[in-house]
Amino acid sequence: MRKTTKKFILCTAVLSMMSVPTFGSIIGAIQSTGAVGYNSEERYIIELAKGTQHQVLDLQEDNDIYLIDVEGKSVYVNKDYLTIRKVITQTTMEGVKVREMASSDGKLIKTLGQGEIVSVLYQNSNWYNVVLEDGTEGYIYKTQLEDPDLKLVPQKEFQAQKVEVLNWSVAKDVVPRGAIVTIEDVYTGKTFKVKRTFGTNHADVETLTTADTQMLKSIWGGFSWERRPVIVHINGRMLAASLAGMPHAGDSLNGVSGNGMSGVIDLHFVGSKRHKEGNIAAVVDPQHQAAIQLAANYKK
């Protein structure tokens, strides 16, 4: 922020702005270079850096002017300089459902009580994209959030999210070594995080934490070679896959320490192969491939 003495013309109506609604729960960001604001109390011009975020205090509807907070000072700025990043509001009823996608068919992530705080990022038709206080992101149907400030959130077109079925030749690059992904078990809906650490014929992955390992064991009923259909969530994409829940290879393949298991577990995609075993060549595992097809029909 920098004060300047350059000339700045602002209408009298803005300087004497009164009886306007207070929007203390709105956060906006300066979206262009050369943006300036005006402090009417101390009568100086402020240059506002692109990308800086400010709380919106008031809105002068007729003149398209926002009153924003800049380092504790109230500053008027033309609304064309500002883009709304989020509106912080609260739920107004019990049983507010947060879903993974903007659809009543979307997986239920969480159910909120009345008066819980959420940050609304944008609106898609009848749904709001929200971030909860714990950082969880999802969608809430518009009738479950009632706040006049929400008219200011930007509109965004929603693309229905579909499960992708990728051949291993493609999937190995979409989920490269070092990638951290969320595994969703198709049968139970339970999730946990893993990191791809090794694997050439398929992805060798390891749970990130002991909590992730405990979740894996709760799904499989302990460590098990059972092949289960799973969805791999990575960078907003959903990939059909199959996972066996048995750690193997011990310390020779152990890229994540302190996670409550030793070795790796096998994550398969279409056309991926098992480990080579002695003189037995690496081959496609039919049980893994069948599980992938089950996952492929998930959320269709």
**Residues clustered with V165, ILVMFWY side-chain links under 4.5 angstrom** =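 In the cluster with V165 are V270, I292.
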Could you pull out all residues at least two apart from [X] that satisfy side chain to side chain contact (heavy atoms under 4.5 Å, CB included)?
X	answer
Q90	I117
D173	none
D80	N78
S169	N167

Using the side chain to side chain donor-acceptor pair (under 3.5 Å) criterion, which residues pair with [X]? Sequence neighbours excluded.
X	value
E226	R228
S119	none
T52	H54

**Counterpart residues, ring-ring contact (aromatic ring centres under 6.0 Å, His included), relative to H202 (two or more places apart)** =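 Counting only residues at least two positions away or on another chain, H202 forms a ring-ring contact (aromatic ring centres under 6.0 Å, His included) with H268, H275.
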**By ring-ring contact (aromatic ring centres under 6.0 Å, His included) - contacts of Y187 (at least two apart)** =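 None.
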**Prompt:** When hydrophobic residues are tied together by side-chain contacts of less than 4.5 Å, even through go-betweens, does I231 share a cluster with F269?
**Reply:**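 Shared cluster, no.
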**Prompt:** Are V205 and I180 in one and the same hydrophobic cluster, where Ile, Leu, Val, Met, Phe, Trp and Tyr link if side-chain heavy atoms are under 4.5 Å apart?
**Reply:**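 Shared cluster, no.
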**salt bridge (charged side-chain N to carboxylate O under 4.0 Å, His left out) contacts touching residues 109-132 (sequence neighbours left out)** =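 Every salt bridge (charged side-chain N to carboxylate O under 4.0 Å, His left out) pair that includes a residue of residues 109-132, provided the two are not neighbours, is K110-D134.
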**Prompt:** If you look only at pairs with a residue in residues 83-95, which of them pass as a salt bridge (charged side-chain N to carboxylate O under 4.0 Å, His left out), with sequence neighbours excluded?
**Reply:**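 Every candidate salt bridge (charged side-chain N to carboxylate O under 4.0 Å, His left out) pair involving residues 83-95 fails, so no pair, neighbours aside, qualifies.
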**Prompt:** Does a salt bridge link D285 with R274, judged by any charged N lying under 4.0 Å from a carboxylate O?
**Reply:**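 Here D285 pairs with R274 in a salt bridge, since their nearest N and O are under 4.0 Å apart.
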Are side-chain heavy atoms of [X] and [Y] found at a separation under 4.5 Å?
X	Y	value
S272	H288	no
I68	L82	yes
E164	V170	no

**Request:** Before giving the answer on side chain to side chain contact (heavy atoms under 4.5 Å, CB included), spell out for Y128 and V87 the whole-Å C-alpha distance, their side-chain angles and the decisive distance to 0.1 Å.
**Result:** CA-CA 11 Å; Y128 289 120; V87 173; over 6 Å; no
**Asked** Side chains of T182 and K193: donor-acceptor distance under 3.5 Å anywhere?
**Response**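 Yes, side-chain donor-acceptor contact under 3.5 Å.
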**Main-chain N/O of W225 paired to R227 side chain as donor or acceptor, under 3.5 Å** =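 Yes: the side chain of R227 pairs with the backbone of W225.
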**Request:** Start with the C-alpha gap between E137 and N129, add the side-chain angles, then the distance that decides, and say whether side chain to side chain contact (heavy atoms under 4.5 Å, CB included) holds.
**Result:** CA-CA 7 Å; E137 186 171 345; N129 179 217; 3.2 Å; yes
**Audit row: N259, L208, side chain to side chain contact (heavy atoms under 4.5 Å, CB included) steps and yes/no** = CA-CA 6 Å; N259 63 348; L208 275 188; over 6 Å; no
